[in-house]
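Basis for what follows: all heavy atoms, side chains included, without hydrogens, waters or symmetry-related copies.
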Amino acid sequence: MALEKKPNFKEIESKSNKSKRFASSRLSPKPNFKEIESRWQKWWLDKKIFKFDPKSKKSIFANDTPPPTISGRLHIGHALNYTLFDFVARYKRLAGFNVFYPIGWDDNGQPTERYVEKKLGIKSKDMPRSKFNKIVINELKDAEKLVKEDSVAFGMSYDWSTLYKTISPQSIKAAQTSFLDLHKKDLVYRAEEPMLWCPHCQTVLSQADVEDKQRATKLNYIKFKANKKDILIATTRPELLPACVAIFVHPDDKRYKKLIGKKATVPLFDYQIPIKASKDIDLEFGTGILMVCTFGDKADIEKWKKHKLPLKIIVTKEGKLNKLAGKYKGLTLAEARKKILKYLTAEKLLVKQEPLQQTVGVCWRCHEAVEFLVTKQWMINLIDYKKEFIKQGRKIKWHPKFFRARYEDWINNLGWDWVVSRQRHFGVPIPVWYCKKCNEAVVADLKNLPVDPETDKPKKKCKCGSKDFEPEHDVFDTWMTSSLTPEIALSWPDKKLSSKFFPMDLRSSGHDIIRTWAFYTIVKAFYHFKKIPWKHAMINGMVLDPKGRPMHKSLGNVVSPRNMIEKYSSDAMRYWASNVSLGEDIPFQEKELARGMKILIKLWNVSRFVELHLKTKPKKSKLKTIDQWILGRLHQTLEQYQKYFDNYQPSKARKEIEMFFLHEFADFYLEMVKHRLYGDEKANEVKYTLYQCLLGILKMWAPFIPHITEEIYQQTFKSAEKDKSIHISAFPKKTKIDKKAVKLGKLTVEAVAAIRKYKADNNMSLGKEIEKLTLYHPKVSELKKVADDIKGTMRIKELHLKKGKLKVK
RNA sequence: GGGCUGGUGGUCUAGUGGUAUGACGUUCGCUUGACAGGCGAAAGGUCGCCGGUUCAAUUCCGGCUCAGCCCACCA
């Protein structure tokens, strides 16, 4: 071969007239992804490419971005979730929207508290709350850096100037304003009732904070005395014997009918309890007798309320037994269970044990079993407005749709109002004081927010005239703040919410927090503004390991996004994320990243090829059918791509562009025009088409793989296109599609493919010249119009076209 | 027990009222003057099971089954 394998770029560059060239430099033979990615990430930040422009006349697309918790590196689930909505944000910019894309740090929760305590070796409870809050904000700078670093490495296009923090004075003010507004609207109240309690975290929990956990336990058959006879009672919680307040049997149960109304004696503790009847007792379970303790579970609470039973509290806030448990005082529940069972066995009161699969409620933070304790808490009314929340949910478009059902299921099954106070130290203080004289709760004034009742004092007297107050020590549930992310991002309450921004357009989150983040956000927007918080909710699935199991440190199957970026590239990781069907849980497949790499390299090489033939921006000239075919297909692809994106299906949009790029543009069009490019120095119509197609292709790829597309754009198109960055440019304008050319192009593809197969079947190289070839095709008269293209592409000197079934001879 | 998803070539997936998309893997061939992390081609599926509607079902309807998730129950 006379030609060099690799072109000498330096020589070519020096030969060409630089002033005429539209590209300032050429693409190198091999891209250095790491270098390219970090360079553009830095450039986007430095040049504030994604800064929101309030003066723009474009219509606004507002995102309610999930603020990551600040407690370490982001995991692969973040990478999936975050890049999914970044695709949408980047798409919307190219589609002509003024994208409001804020970001926040969620740093008012327990993960952050633990992180800071551990790091500094301090305890939140040892100091005034405001001091600890300040320490958190200060100390978190390093931790935030990690999360920001990861976000930037993922290629997120946030507007960093909007950054908010959920423990900042502004967020505290927002949460407290929310509370005061609800207070004014009579939607909050204080109640003393049995509620879910986490003995480990030592705080009350809401229904949403409790998760189910399967565990194996034992059903213990224990002898009670009734009417001087032994009766057997089956229980999983013998440690609650000292809290027993009644036993229940079914009114029609022949075995126990006589006992109803009589008394039974609790073993070991030797006190009497009434025997009552209730129709909901299952005759089959255990011995058909139910023991009610205060409180073992929800059923106990129901019976206790309905039958006005006495209260025997034996469990302390630490999860230990108190003096009512006699000699078991001070033991944890688990210790007490062991000991009591031992004594029961010794006394021959434990008749038998059966294994039982049991589901228990556990705290979502620490995964320890929860208990029921009577405490006094602030509550937000939810139960009275369930119907409204369902109505609001129906005004929101859920993607995919079926997650609305999950939202509604949750509301329909809600049994309790929202407990918003937490017995924690770190967090947003509840802006309330209690009058020491009359016990009246005095709430702060809006104008004084944010306040910390532990350090601030009420600015007015109590109704009773007293000035002596006890501060509220509790803080809010973190969701009290998180449920206000759209409002906080829009600087509420300092600024009014403009209808241009609120409701926001999009919230994106995992399906695991529909019952919390999504639900509470809808509640707040409704209570405060009678509005929905966003028009669309994009719900994505969880990342599982390749075998379909959840990723857990304990299973050793956690995939780190940083390692993946290191091994492949950020764009390759985003490519992986773009594969996922919205809402589906996805097993992690590393080969998808490898596939991503291939696509990136392909795009690079295609761009190199195109660029080799472009010296200046080509002007439009008379196009051949094949050119009109590919341009038509480009616009058809764009149309379909936009349809998918507008319907929040980025993975489908990506498939659309990928198929067009690989299997039409690269596989066929490029091969079909080589003979024209090398045959005719000018071939202006080809160059024009290549330019338009590649630019359009790059723009369609841009939301998915922003780094490589920016690099190619900057090197190849920037000097001729006016847009500063490909990511703030616009998709090609709609043009008329030549449908006849599109059809004919498809026939040409068919013909070329048939001849390729012919060459492959005959062990010929594709480049081999063929003297004479006959192609049979049903639409031979059409094909005659593109005979030159077929000949040129397949290197045929003499091509005969004959009517007939597709065949090559 | 209620609800929601999904069951498509070896693996993972798209999609549709007329026997099916792509990727990975497998096999074969090949320097198409962009690309060997490449190019071209081939083999491979009774679209979970049963019944119904229809000229026609993988696609619609009903039932079942398996898997996953959410919720309730959980003495």
Side-chain angles (χ1 to χ4, degrees), chain A residues 1-7 27 29-30 207 211-212 214 217 219-222 233-237 240 247-248 281-282 285-293 296-300 356-361 400-410 412-415 511-512 514-515 541-542 544 546 548-550 568 579-581 583-587 589 591-592 594-595 597-613 651-652 655 658-659 662-663 666-667 670-671 674-675 677-678 752-753 755-768 793-795:
Chain A
M1 290 291 252
L3 288 165
E4 285 171 51
K5 204 163 184 180
K6 299 274 179 221
L27 302 172
K30 294 256 174 193
Q207 193 177 341
E211 290 171 355
D212 283 351
Q214 283 279 339
T217 184
L219 189 57
N220 305 283
Y221 289 76
I222 297 167
I233 295 181
T235 178
T236 54
R237 303 206 56 182
L240 293 181
I247 61 173
F248 280 80
I281 301 302
D282 181 351
F285 193 94
T287 61
I289 305 178
L290 168 76
M291 144 180 135
V292 172
C293 307
D297 58 31
K298 243 192 209 172
D300 286 348
L356 186 76
Q357 273 298 320
Q358 184 193 31
T359 316
V360 288
K401 303 201 258 299
F402 61 76
F403 277 117
R404 197 190 79 197
R406 187 171 292 190
Y407 169 79
E408 292 189 4
D409 276 357
W410 175 253
N412 286 326
N413 285 312
L414 254 188
H511 59 62
D512 54 333
I514 288 176
R515 68 187 205 176
M542 304 285 120
L544 308 170
R549 299 172 304 175
Y568 299 93
N579 237 323
V580 176
S581 283
E584 308 261 322
D585 285 354
I586 152 120
Q589 304 282 346
K591 68 168 195 199
E592 291 301 337
R595 163 92 182 149
M597 279 296 275
K598 284 189 181 180
I599 300 275
L600 299 181
I601 290 167
K602 187 81 185 172
L603 190 57
W604 184 262
N605 283 318
V606 163
S607 304
R608 279 184 67 217
F609 172 74
V610 170
E611 204 230 8
L612 268 164
H613 296 281
S651 68
K652 290 190 177 169
K655 273 181 188 128
E658 181 173 323
M659 286 304 130
L662 286 181
H663 301 310
D667 287 356
L670 291 189
E671 295 305 331
K674 276 180 182 169
H675 71 278
L677 277 172
Y678 291 111
V752 167
I755 299 169
R756 275 178 182 167
K757 183 166 161 21
Y758 169 81
K759 282 192 167 181
D761 288 348
N762 291 287
N763 292 2
M764 276 184 230
S765 94
L766 289 169
K768 187 174 166 64
T793 308
M794 297 316 297
R795 300 213 168 178

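- A donor-acceptor pair under 3.5 Å links the side-chain atoms of A/Asp585 to the main chain of A/Met542, judged by distance alone.
- Heavy atoms of A/Ile514 sit nowhere under 4.0 angstrom from any nucleic acid atom.
- A/Asp297 comes within 4.0 angstrom of sugar-phosphate atoms only, judged by non-hydrogen atoms across all strands, and of no base.
- When heavy atoms are screened at a 4.0 angstrom cut-off, A/Trp410 is found touching the sugar-phosphate backbone but no base atom.
- Here the side chains of A/Val580 and A/Ser651 are not in contact, with every heavy-atom distance at 4.5 Å or above.
- Side chain of A/Lys759 to main chain of A/Met794: a donor-acceptor pair is present (N/O by atom type, distance under 3.5 Å, no hydrogens or angles).
- Spacing between B/U53 and B/G62 at atom C1', rounded to whole Å, works out to 11 Å.
- B/C28 is paired with B/G40 under the Watson-Crick or G-U wobble criterion, all donor-acceptor distances under 3.5 Å.
- Whole-Å rounding puts the A/Tyr407 OH to B/U5 P distance at 18 Å.
- Distance noted for atom C1' between B/A34 and B/C39: 12 Å (whole Å).
- Residues A/Ile247 and A/Ile233 have side chains in contact (heavy-atom distance under 4.5 Å, counting atoms from C-beta outward).
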Distances for protein N/O vs nucleotides 9-14 of chain B N/O pairs under 3.5 angstrom?
unit_1: B/A14; atom_1: OP1; unit_2: A/Ser581; atom_2: OG; d: 2.9

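- Between the side chain of A/Gln207 and the main chain of A/Leu414, no donor-acceptor pair closer than 3.5 Å is present.
- Every ring-ring contact (aromatic ring centres under 6.0 Å, His included) that A/Phe609 has, sequence neighbours left out, goes to A/His613.
- Between A/Lys674 and B/A34 there is a side-chain N or O to OP1 or OP2 distance below 4.0 Å.
- Residues A/Val292 and A/Leu290 are in side-chain contact: their nearest non-hydrogen atoms beyond the backbone lie under 4.5 Å apart.
- Mapping A/Gly361 and A/Glu211 onto RNA chain B by nearest heavy atom places A/Glu211 closer to the 5' end of the strand.
- For the pair A/Asp282 CG and B/C73 P, the interatomic distance rounds to 14 Å; values are reported in whole Å.
- Among the atoms of the strands shown, only primed sugar atoms or phosphate atoms (P, OP1, OP2) are found under 4.0 Å from some heavy atom of A/Leu219.
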Yes or no on side-chain contact (heavy atoms from CB on, under 4.5 Å) for A/Glu658 and A/Lys655, after CA distance, side-chain angles and deciding distance? CA-CA 5 Å; A/Glu658 181 173 323; A/Lys655 273 181 188 128; 5.6 Å; no

Every protein N/O lying under 3.5 Å from an N/O of nucleotides 1-3 of chain B:
unit_1: B/G3; atom_1: O2'; unit_2: A/Asp409; atom_2: OD2; d: 3.2

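- Nucleotides of RNA chain B nearest to A/Thr236 and A/Lys598 differ in position, and the one nearer the 5' end is that of A/Lys598.
- Atom CG of A/Asn412 and atom P of B/C4 are 13 Å apart (whole Å).
- Side-chain N/O atoms of A/Gln207 include one lying less than 4.0 angstrom from OP1 or OP2 on B/A72.
- Rounded to an integer number of Å, the gap from A/Leu600 CG to B/G38 P is 13 Å.
- One interatomic measurement links the two molecules: CD1 of A/Ile586 to P of B/G68, which rounds to 18 Å at whole-angstrom precision.
- Applying the ring-ring contact (aromatic ring centres under 6.0 Å, His included) criterion to A/Tyr221, with sequence neighbours excluded, gives no partner residue.
- No side-chain heavy atom of A/Asn579 sits under 4.5 Å from any side-chain heavy atom of A/Ile586.
- For the pair A/Arg795 CZ and B/G33 C1', the interatomic distance rounds to 8 Å; values are reported in whole Å.
- Counting non-hydrogen atoms under 4.0 angstrom, A/Met291 reaches nothing in the nucleic acid.
- Residue A/Thr359 places no side-chain N or O under 4.0 Å from the OP1 or OP2 atom of B/C74.
- As rounded to the nearest Å, B/C12 and B/G6 have C1' atoms that lie 14 Å from one another.
- Distance check on atom P: B/U59 versus B/G51 gives 13 Å, rounded to whole Å.
- Taking atom C1' on both B/G37 and B/C50, the two are 48 Å apart, rounded to the nearest angstrom.
- At a threshold of 4.5 Å between non-hydrogen side-chain atoms, the residues A/Ile289 and A/Phe248 do not count as touching.
- In this structure, A/Asp300 atom CG and B/C73 atom P are separated by 12 Å, rounded to whole Å.
- Looking at A/Arg795 and A/Met764, their side chains never come closer than 4.5 Å, going by heavy atoms from C-beta outward.
- In terms of the ring-ring contact (aromatic ring centres under 6.0 Å, His included) criterion, A/His675 has no residue partners (sequence neighbours excluded).
- Counting only heavy atoms from C-beta on, A/Asn605 has its side chain closest to B/A34 among B/G37, B/A34, B/U32.
- Atom CG of A/Asp212 and atom C1' of B/C73 are 10 Å apart (whole Å).
- The same atom, C1', is picked in B/G7 and in B/C47; the two are 10 Å apart, to the nearest Å.
- Proximity note for A/Arg608 (side chain, C-beta onward) versus B/G37, B/U5, B/A34: the nearest is B/A34.
- Comparing B/G37, B/G22, B/C73 against the side chain of A/Ile601 picks out B/G37 as the nearest.
- Using a 4.0 Å heavy-atom distance criterion, A/Met542 is classed as making no nucleic acid contact.
- Nucleotides B/U26 and B/U58 have their P atoms positioned 32 Å apart, rounded to a whole Å.
- The backbone N or O of A/Glu584 lies less than 3.5 Å from no partner atom in the side chain of A/Ser581, so there is not a single donor-acceptor pair.
- Using a 4.0 Å heavy-atom cutoff across all strands shown, A/Ile233 reaches no nucleic acid atom at all.
- B/G22 and B/C30 have their P atoms separated by 25 Å, given to the nearest Å.
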All N/O contacts under 3.5 Å from nucleotides 39-45 of chain B to the protein, with atom names and distances to one decimal?
unit_1: B/C39; atom_1: OP1; unit_2: A/Lys602; atom_2: NZ; d: 2.6
unit_1: B/G40; atom_1: OP1; unit_2: A/Asp667; atom_2: OD1; d: 3.2

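- Distance alone, capped at 3.5 Å, is enough to place a donor-acceptor pair between the A/Asp297 side chain and the A/Ala299 backbone.
- Not one side-chain nitrogen or oxygen of A/Lys768 sits closer than 4.0 Å to the OP1 or OP2 atom of B/C30.
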